[in-house]
Amino acid sequence: MFFITTMFSANIVTAHAQTTETSIYICTQADGSIKLQNLNAGKNCTTKTVRITEPVRLPRVVTNPGDPQPAANAIIIGSRVSQQIQGQRDTGREAILRNELFLAQALLAKLQNEFQNGTPERRGDERNYQKYLDRTEQLKQQISLTQANISALSRELSRMP
């Protein structure tokens, strides 16, 4: 009875992992350094047997509980998505857009606070005046880009049904 149990548990282990045994040689060089290699290269080498266990990778299962039909089915010519599913998708899209708009507005407020109407506070690493001017120009560009993002997100939200 004990033998069967042991054999059964060994089968479980081999189903989940693959074990390989190999020999490596630890060789001491003339200058005292240690070199690891897979070939025996002389009298200053000692053999060490190493057991390597590699886990078996299980396939990854991806689920999306909010959308019962894959979007690929909607691409088939002549097929239609139900109003309920489209409503769920629109709601999700609107939530994502509102979140992005909120984050962009928070970033804009932070950038404008740092910019201080074109005269940001100098940092300790900006002993060179050109570094200060470069950072000021970068802040100006980031502010204009963030403002453009906010207007694009607002425009997209206004188009929502």
Side-chain angles (χ1 to χ4, degrees), residues 4-22 24 33-38 48-161:
I4 294 172
T5 306
T6 305
M7 194 168 83
F8 180 70
S9 64
N11 286 340
I12 290 174
V13 171
T14 56
H16 292 289
Q18 180 180 2
T19 303
T20 307
E21 255 186 41
T22 186
I24 61 169
S33 63
I34 296 175
K35 185 176 181 181
L36 301 175
Q37 55 192 33
N38 60 352
K48 173 112 178 159
T49 302
V50 180
R51 187 173 289 168
I52 301 169
T53 304
E54 295 182 28
V56 175
R57 294 186 182 171
L58 299 175
R60 188 172 164 190
V61 178
V62 178
T63 60
N64 186 359
D67 192 358
Q69 279 186 334
N73 286 348
I75 296 174
I76 299 172
I77 297 174
S79 69
R80 297 190 68 105
V81 177
S82 70
Q83 288 182 349
Q84 179 186 6
I85 292 173
Q86 189 60 45
Q88 289 173 350
R89 290 178 182 173
D90 289 343
T91 303
R93 180 171 173 248
E94 183 178 3
I96 291 170
L97 287 172
R98 288 193 187 282
N99 186 35
E100 289 292 323
L101 179 63
F102 175 76
L103 292 174
Q105 288 171 340
L107 177 64
L108 180 63
K110 178 184 164 245
L111 289 172
Q112 285 176 336
N113 186 29
E114 186 178 349
F115 189 61
Q116 297 178 1
N117 293 326
T119 56
E121 190 175 313
R122 285 183 76 167
R123 292 192 243 162
D125 65 340
E126 296 173 337
R127 293 182 186 152
N128 183 348
Y129 187 66
Q130 187 60 45
K131 284 186 178 181
Y132 171 76
L133 293 177
D134 292 343
R135 184 172 66 92
T136 305
E137 185 61 31
Q138 251 184 350
L139 283 171
K140 190 186 292 185
Q141 289 174 356
Q142 287 176 341
I143 287 173
S144 66
L145 179 65
T146 306
Q147 287 172 338
N149 286 344
I150 288 173
S151 65
L153 288 167
S154 298
R155 212 174 27 254
E156 193 67 29
L157 276 169
S158 69
R159 293 180 190 158
M160 293 292 293

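- Within the structure, salt bridge (Lys or Arg N to Asp or Glu O under 4.0 Å) contacts touching residues 128-150 (residues at least two apart or in different chains) are Glu114-Arg135, Glu126-Arg135.
- Summarising the local packing, CD1 of Ile34 is surrounded by 12 or fewer heavy atoms from other residues, nucleotides or ligands at distances under 6.0 Å.
- The distance from the CZ atom of Arg122 to the OG1 atom of Thr136 is 9.0 Å, given to the nearest 0.5 Å.
- Rounded to the nearest 0.5 angstrom, Leu103 CG and Leu108 CG are separated by 12.5 Å.
- Under the side chain to side chain contact (heavy atoms under 4.5 Å, CB included) criterion, Leu97 pairs with Arg93, Leu153, Glu156, Leu157, Met160, sequence neighbours left out.
- Counted within 6.0 Å of CD on Gln84, heavy atoms from surrounding residues, nucleotides or ligands total 12 or fewer; the atom is thus considered open.
- Taking the side-chain hydrogen bond (donor to acceptor under 3.5 Å, both in side chains) definition, one finds that Ser33 meets it with Asp31, sequence neighbours left out.
- You'll find the side chain of Gln147 stays beyond 4.5 Å of the side chain of Ser151, heavy atoms only.
- Qualifying side chain to side chain contact (heavy atoms under 4.5 Å, CB included) partners for Lys35, counting only residues two or more places apart in sequence or in other chains: Gln29, Gln37.
- The ring pair (Phe, Tyr, Trp, His ring centres under 6.0 Å) search around Phe102 returns none, not counting sequence neighbours.
- Taking each heavy atom of Leu139 and Phe115 in turn, the nearest pair found is CB-CD1, 3.8 Å.
- Taking the side-chain hydrogen bond (donor to acceptor under 3.5 Å, both in side chains) definition, one finds that Arg98 meets it with Glu94, sequence neighbours left out.
- The ring pair (Phe, Tyr, Trp, His ring centres under 6.0 Å) analysis of residues 121-159, with sequence neighbours excluded, yields the pairs Tyr129-Tyr132.
- Residues that satisfy the side-chain hydrogen bond (donor to acceptor under 3.5 Å, both in side chains) test with Gln86, not counting sequence neighbours, are Asp90.
- Contacts of Ile24 classified as side chain to side chain contact (heavy atoms under 4.5 Å, CB included), with partners at least two apart in sequence or in another chain: Lys48, Val50.
- Taking Ser154 as the reference, Leu101, Ile150 meet the side chain to side chain contact (heavy atoms under 4.5 Å, CB included) condition, with sequence neighbours excluded.
- Shown here are the side-chain hydrogen bond (donor to acceptor under 3.5 Å, both in side chains) partners of Arg51, two or more places apart in sequence or in another chain: Glu21.
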